[in-house]
Structures are given as structure tokens and as C-alpha cells.
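In what follows, a structure is listed as C-alpha cells, so that the remarks can point back to it.
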Amino acid sequence: MIALKEIETEDTLSLARWHEIESIMSDSLKNNYFTMVYQPLVSLNTGRLIGFESLIRCESPRFGVIGPDEFIPHVEQTGMIIELGGWIFEQVFSDLRHMLDAGLGNIRISLNISPVQILQGNVFQQVMSLMEQYDVPPSAIKIELTETALIHNPAKIAKVLEQFHQKGIKIWIDDFGTGYASLGLLRQFDIDGLKIDRSFVNGITQNNEDFTLCSAIIAMAQRLGLETVAEGIEQDGQLQILEQLGCDVAQGYLLGRPQGVARSLSMWVK
Ligand code: C2E
Ligand code: CA
Ligand code: CA
């Protein structure tokens, strides 16, 4: 009885939060309470900055900061991601133009794309027209799609990824190792790299299994000619191990936290 009551309370609470997020999201879209931040990606071969991952932030004056981990699944389910995704792309391209003009000539910016945007929207056309509008070369962008996103409608996703690929836009699989995509399925997609999930990087110095997983992913990726990116690096020890294992790119608080465009420029333009 007690357990049932607890469940009911939890469900009611999460339902209330769901409605709250719904109103925060529509309010934030109307009033533009969103911003984009950029986290550096560093080459482990050269030690140089190769680009940034774009990440969304939301701060409503009434409700404070709410994290993308909480609101992205919500906007995906309600379909609001289509409108929000359009805003994200526009903002990222405008910031990218700014970064290129400020002297960060060889960078790439990663865009996180939700499967809903691919299946219900027209991401390819959107990105193409923004590339033209902001005069951005395909080599300056990259797409991140989670492993789980691949299983929704593999044929459609593969087609859109191929369109991007043909234009010279690289594709990385995000949160690799946490989803349910089989290696067989992965082979059907035109991909360029794997982002090793933060949960494996986290335990790499103390946990044998995490170390084994990271080294196996890197070895497999090398054999398949794919790049590897390790995310969530917070400690020097983690960075050193990943470097020894032959990982190509590093990302995490140790290398730099996500920052707005102005701070990113002041930190990275020499
Ligand atoms: P993700 O794509 O896996 O992004 C990486 C997340 O790890 C980011 O969280 C980043 O701030 C965090 N992170 C990076 N380095 C470290 C570290 O060293 N330690 C720890 N503890 N965390 C680190 P964030 O910004 O909260 O984003 C969460 C998720 O929300 C993203 O996971 C992505 O799935 C989604 N997301 C964020 N921005 C966008 C966006 O513009 N579009 C879409 N579709 N999804 C987004
Ligand atoms: Ca990502
Ligand atoms: Ca990730």
C-alpha cells in the first residue's frame, strides 16, 4: 500500500513537472530565454583546438536555469524541437560566422541533432540554406547524432546522413556505448567518428571494465577508420590514458567548460 502511494506521488510530481516544463518551454520560445554555449574539442595528436560542440542553455527569469537533459526529451516528445531546432541552427551559424571572422579559421562546430528533427523536419535543407546565408564551408560543421537515434527509422536516417556526407559534412555518433544499436546496424551508416560516452571515461582510471571498454572502442574505431572522441574528461589521469590508447580528440571540463561565444573567443583567439 505504502509503495503504491509512493509511486502515485512520484507520478503526480513528475506529471506536474512535465506541465511546468511545457509552460517554461513555450514561454522561453516566445521570449527567447535560450542561449548557445560552446565547449572546446582538442586534438590529442597536436594539442590544438579543432572546434567546439554547441550546447543549448535555458534560463527563465521565473523558473531559473533548466538543463537540456531535462527539456530536450520534452521538446522532442511535444514536437517543439522542430521550432527550437530552427532557432538553434540559426544561432549556431551566426556565432560560427563570428568565430571564423574573429580568426578561428580552421574550426568545426558540432550540432546536436535530434532524430525527431530528421524524421519530421527538413534539417538537410535548413543546414544547406544557412551554410549559404552565412557563407560557411561544409568543413566548418559536424553533426552529432546519438546511437539510439539510429534505431528509430534507420532507412530514413541513413538517407539524410548520406546527404550530409555527400556535401562533406562529417558525422559523429554521440554517447557511443550506451545505446542499443548493434555494430551491424552501425555499418549501414556513413559515419566518421564515435564519441565515447562520459560514463566510460569517468571510470577509466579506477575501473578495469571501463578501461577495457574504452580501449576496445578505440581499437575497433581505428580498424574501421573512424575517429574517436572522448567526452567528459575531468582529470589529467584520464587524459593521459586516453592519449596512450590512441584516442584522437578530447572534450571535458579539464580542457574547457562550455562558454558563450564572447568568452570562447577571448579564451581561444591568440
Ligand atoms: P551531449 O550531447 O552528450 O553533451 C555533452 C554533455 O556533457 C553536455 O551537457 C556538457 O556540458 C557535458 N559535459 C561536457 N564535459 C563534461 C565534463 O567534463 N563533466 C561533466 N560532468 N559533464 C560534461 P549539457 O550541455 O547539459 O547537455 C546535455 C544533453 O542535452 C546533451 O548531451 C545533448 O544530448 C542535449 N543537448 C544539449 N544541447 C543540445 C542541442 O543544441 N540540440 C539537441 N538536440 N540536444 C542538445
Ligand atoms: Ca553531443
Ligand atoms: Ca555525448
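In listed order, ligands and their atoms are each counted from 1.
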Is the shortest distance from atom 9 (O) of ligand 1 to a protein heavy atom below 4.0 Å?
no
Hey, what's the ring geometry for H74 with W18, parallel, tilted or perpendicular (30° and 60° as the breaks)? tilted
Closest to the Ca ion (ligand 2), among the N/O/S atoms of D174, is atom OD2
Any heavy atom of Q39 under 4.0 Å from ligand 1? The part involved is side chain
re atom 44 (N) of ligand 1, the protein heavy-atom contact at minimum distance is N112 O, 3.5 Å
The closest protein heavy-atom partner of atom 20 (C) of ligand 1 is E234 OE2, 3.3 Å
The atoms of ligand 1 lying under 4.0 Å from a heavy atom of G252, numbered in the order shown, are 15 (N), 18 (O)
The Ca ion (ligand 2) -> E53, closest N, O or S atom is OE2
- prompt: Of the backbone and side-chain N, O or S atoms of T146, does one lie nearer to the Ca ion (ligand 2) than 3.0 Å?
  reply: no
- Query: Is any N, O or S atom of D197 under 3.0 Å away from the Ca ion (ligand 3)?
  - Reply: no
message: With a 6.0 Å cut-off (strictly less than), is the heavy-atom count around CG of N32, excluding the residue itself, greater than 12?
response: yes
Taking the Ca ion (ligand 3) as the apex, E231 OE1 and D175 OD1 span an angle, rounded to 10°, of 150°
For atom 24 (P) of ligand 1, is some protein heavy-atom partner under 4.0 Å away? yes
Candidates R198, R57, M36; heavy atom nearest atom 11 (O) of ligand 1 found on R57
Exercise for review: Anything under 30° is parallel, anything over 60° is perpendicular, the rest tilted; go ahead and classify W87 against F34.
Suggested key: tilted
Hey, is ligand 1 close enough to Q251 that some N/O pair sits below 3.5 Å?
no
the protein heavy atom lying closest to atom 39 (C) of ligand 1 turns out to be I56 CG2, 3.7 Å
Going by the 4.0 angstrom heavy-atom rule, the piece of I72 near ligand 1 is side chain
| request: Please confirm whether the backbone N or O of D190 pairs with a side-chain atom of E162, one donor and one acceptor, at under 3.5 Å? | output: no
For the Ca ion (ligand 2), the nearest N/O/S atom on E144 is atom OE1
Going by the 4.0 angstrom heavy-atom rule, the piece of R257 near ligand 1 is neither
